[in-house]
Protein chains: 2
Amino acid sequence: MSIPDTPASTIPEDVVLLADQLRIAIARMNRRLRAQTPGGVTPAQLTVLLILDRHGEQTLSQLAERELVSLPSMNRTVSQLVVQGFVSRTPSPSDRRVTLLQITDAGRLEAERTRRHRDQWLAARLLELSDSERAQLGRAAEMLNGMGCR
Amino acid sequence: MSIPDTPASTIPEDVVLLADQLRIAIARMNRRLRAQTPGGVTPAQLTVLLILDRHGEQTLSQLAERELVSLPSMNRTVSQLVVQGFVSRTPSPSDRRVTLLQITDAGRLEAERTRRHRDQWLAARLLELSDSERAQLGRAAEMLNGMGCR
DNA sequence: TATTGTTATACTCTATAACTATA
DNA sequence: TATAGTTATAGAGTATAACAATA
């Protein structure tokens, strides 16, 4: 989980200030988004359901790598989904160390139900912005996602 | 900590999809940023130190409101800083229910030291972007901060 | 009674270390 | 030995509920 560094001295002050501003804004908004708990699955669980729904069958390692979390952390989230009946575990026929994870029909239903409720607060806020502002946020989201990958 | 809703039916699908994308990108980046732990104060603690440094003396309520967290939550963070000697508590002379919180000299030193290390990973990523991309992220951060306030 | 802060408690998410089973 | 996954344990950060002190 560690990332190579760049010597601090080579980074201009205005970039450090932007980093500061972004970090705080992201932490705040994350807090806000986590606070929206309409009774469905948790945010981490919903994210896994959406991945399995959109990209099909995945192994635990694939999920952990995609979401940038540790294997035990992802294992915990997946186990909770299995207990709830939203994800099924199937041993891989070709390599019995590997477990294939699939979303169930109940999981698909729950994902759709929870997604709309969980994103509703944010969506309502986005609706108050202009089209171009929304487009900017979309590009920002892509940039953030792209930055994580080294 | 609850926010008024907009009926789900009035929200266009593309806005819900953007909300989804943003929520996941923010959660991921938040995880990434939290993982950068160079041994200084924690992210929540650093944020409080920066507020006290930049905006001066604050009450617990003011800090909690500004960062959009509950009073007990902010109290915990502040207490940790007090124990470490980075923040001082002074009873307000005019209203003895109120406690004024100030950053100490040690706190200022620690904030500066930790800030650069903690933001270093993100700053290095930002450095790989173009000026206009950085400007976009800056505006995105402002939008995110603005959206939290109702 | 209302406000400010605090304490008690619980839950989510995350990590590292140690372990098991399979290759 | 190396890899995929799991279990055990710990810590950060957050919340709600109940309480104390002061206005």
Side-chain angles (χ1 to χ4, degrees), chain A residues 1-3 23-24 26-48 57-65 67-84 87 89-101 114 118, chain B residues 1-3 23-24 26-37 39-48 58-65 67-84 87 89-101 114 118:
Chain A
M1 298 279 104
S2 84
I3 281 100
R23 178 178 59 76
I24 292 177
I26 287 172
R28 255 188 180 215
M29 186 51 67
N30 194 241
R31 216 176 279 140
R32 259 292 160 84
L33 294 175
R34 295 195 58 81
Q36 303 304 121
T37 49
V41 292
T42 66
Q45 291 170 18
L46 177 57
T47 298
V48 169
E57 192 174 76
Q58 306 267 321
T59 69
L60 194 65
S61 302
Q62 286 171 330
L63 287 177
E65 190 175 352
E67 274 309 294
L68 310 173
V69 298
S70 68
L71 226 45
S73 185
M74 183 52 79
N75 189 51
R76 185 178 182 267
T77 302
V78 166
S79 296
Q80 290 164 339
L81 288 167
V82 170
V83 168
Q84 292 171 283
V87 164
R89 280 195 178 104
T90 316
S92 164
S94 58
D95 182 341
R96 286 190 324 202
R97 291 172 304 181
V98 174
T99 305
L100 299 172
L101 303 167
T114 307
R118 182 166 288 289
Chain B
M1 297 278 103
S2 85
I3 280 97
R23 177 178 61 76
I24 291 177
I26 286 172
R28 254 187 179 217
M29 187 50 67
N30 194 241
R31 216 177 279 139
R32 259 294 160 85
L33 294 175
R34 297 196 57 79
Q36 305 303 122
T37 50
V41 292
T42 65
Q45 291 170 19
L46 177 57
T47 298
V48 169
Q58 307 266 321
T59 70
L60 194 64
S61 302
Q62 286 172 331
L63 287 177
E65 191 175 352
E67 274 310 293
L68 311 172
V69 298
S70 68
L71 225 45
S73 185
M74 184 52 78
N75 189 51
R76 186 177 182 270
T77 302
V78 166
S79 296
Q80 290 164 340
L81 288 167
V82 170
V83 167
Q84 292 172 284
V87 164
R89 281 193 177 105
T90 315
S92 164
S94 58
D95 182 343
R96 284 191 326 201
R97 290 173 304 181
V98 174
T99 304
L100 299 172
L101 303 167
T114 307
R118 182 165 290 288

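In what follows, every chain begins at residue 1, and chains take the letters A, B, ... in the order their sequences are listed. Please read all numbers here as calculations on a predicted model, not as lab measurements.
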Worksheet item: Could you state the CE-P distance from B/Met74 to D/dA12, rounded to the nearest angstrom?
Response: 17 Å

Worksheet entry | Axial bend angle, the helix from C/dT1-D/dA23 to C/dA23-D/dT1: five-pair end segments, nearest 10° | 10°

Worksheet item: Which nucleotide in the set C/dG5, D/dA4, D/dT6 lies at the smallest distance from any side-chain heavy atom of B/Ser61?
Response: C/dG5

Response to the item:
side chain to side chain donor-acceptor pair (under 3.5 Å) filter on A/Thr114, not counting sequence neighbours, yields A/Glu110

Response to the item:
Residue set satisfying side-chain contact (heavy atoms from CB on, under 4.5 Å) with A/Glu65, at least two apart, ordered chain then number -> none

Fill in: Set of residues satisfying salt bridge (charged side-chain N to carboxylate O under 4.0 Å, His left out) with respect to A/Arg23, sequence neighbours excluded
A/Asp20, B/Asp119

Practice prompt. For the residue pair B/Gln58 and B/Val48, establish whether any side-chain heavy-atom pair is separated by less than 4.5 Å.
Written response: no

Worksheet item: Once you round it to whole Å, what is the distance between C1' of C/dT4 and CG of B/Leu100?
Response: 12 Å

Worksheet item: Taking atom C1' of C/dT4 as reference, at what distance in whole Å does atom CD of B/Glu65 sit?
Response: 13 Å

Discussion item. Just the rounded figure in Å: distance from P of D/dG13 to CG of A/Leu33.
Written reply: 18 Å

Worksheet item: Which residues satisfy the salt bridge (charged side-chain N to carboxylate O under 4.0 Å, His left out) test with B/Arg97, sequence neighbours excluded?
Response: B/Asp95

Fill in: Short side-chain N/O contact to D/dA15 OP1/OP2 from A/Arg32, under 4.0 Å
no

Discussion item. Rounded to whole Å, how long is the line connecting atom CD of B/Glu67 with atom P of D/dT14?
Written reply: 9 Å

Item to complete: Report the distance from atom CD of B/Gln62 to atom P of C/dT3, rounded to the nearest whole Å.
Response: 16 Å

Discussion item. From C-beta outward on B/Ser70, which listed nucleotide comes closest to its side chain: D/dG5, C/dT6, D/dT16?
Written reply: D/dT16

Fill in: Contacts of type salt bridge (charged side-chain N to carboxylate O under 4.0 Å, His left out), residue A/Arg34, not counting sequence neighbours
none

Fill in: B/Arg118 vs B/Leu33, side-chain contact (heavy atoms from CB on, under 4.5 Å): CA-CA, chis, key distance, verdict
CA-CA 8 Å; B/Arg118 182 165 290 288; B/Leu33 294 175; over 6 Å; no

Worksheet entry | With B/Thr99 via side-chain contact (heavy atoms from CB on, under 4.5 Å) - residues at least two apart | B/Arg89, B/Leu101

Discussion item. Going by the rule side chain to side chain donor-acceptor pair (under 3.5 Å), which residues pair with A/Gln84 if we only count those two or more places apart in sequence or in a different chain?
Written reply: none

Practice prompt. Applying side-chain contact (heavy atoms from CB on, under 4.5 Å), name anything that partners A/Thr59, two or more places apart in sequence or on another chain.
Written response: A/Ser61, A/Gln62, A/Val98, A/Leu100

Item to complete: Return the value, rounded to whole Å, for the distance between atom CG of B/Leu46 and atom C1' of D/dA12.
Response: 15 Å

Which atom pairs link the protein and nucleotides 20-22 of chain D when you take only N or O atoms and keep those under 3.5 Å?
none

Under 3.5 Å, which protein N or O atoms sit close to an N or O of nucleotides 7-13 of chain C? Give each pair with its distance.
from: C/dT12; atom 1: O3'; to: A/Arg34; atom 2: NH2; distance (Å): 3.1
from: C/dC13; atom 1: OP1; to: A/Arg34; atom 2: NH2; distance (Å): 3.3
from: C/dC13; atom 1: OP1; to: A/Thr42; atom 2: OG1; distance (Å): 3.1
from: C/dC13; atom 1: OP1; to: A/Pro43; atom 2: N; distance (Å): 3.4
from: C/dC13; atom 1: OP1; to: A/Ala44; atom 2: N; distance (Å): 3.3
from: C/dC13; atom 1: OP2; to: A/Thr42; atom 2: OG1; distance (Å): 2.9

Worksheet item: What residues, two or more places apart in sequence or in another chain, satisfy side chain to side chain donor-acceptor pair (under 3.5 Å) together with A/Thr90?
Response: none

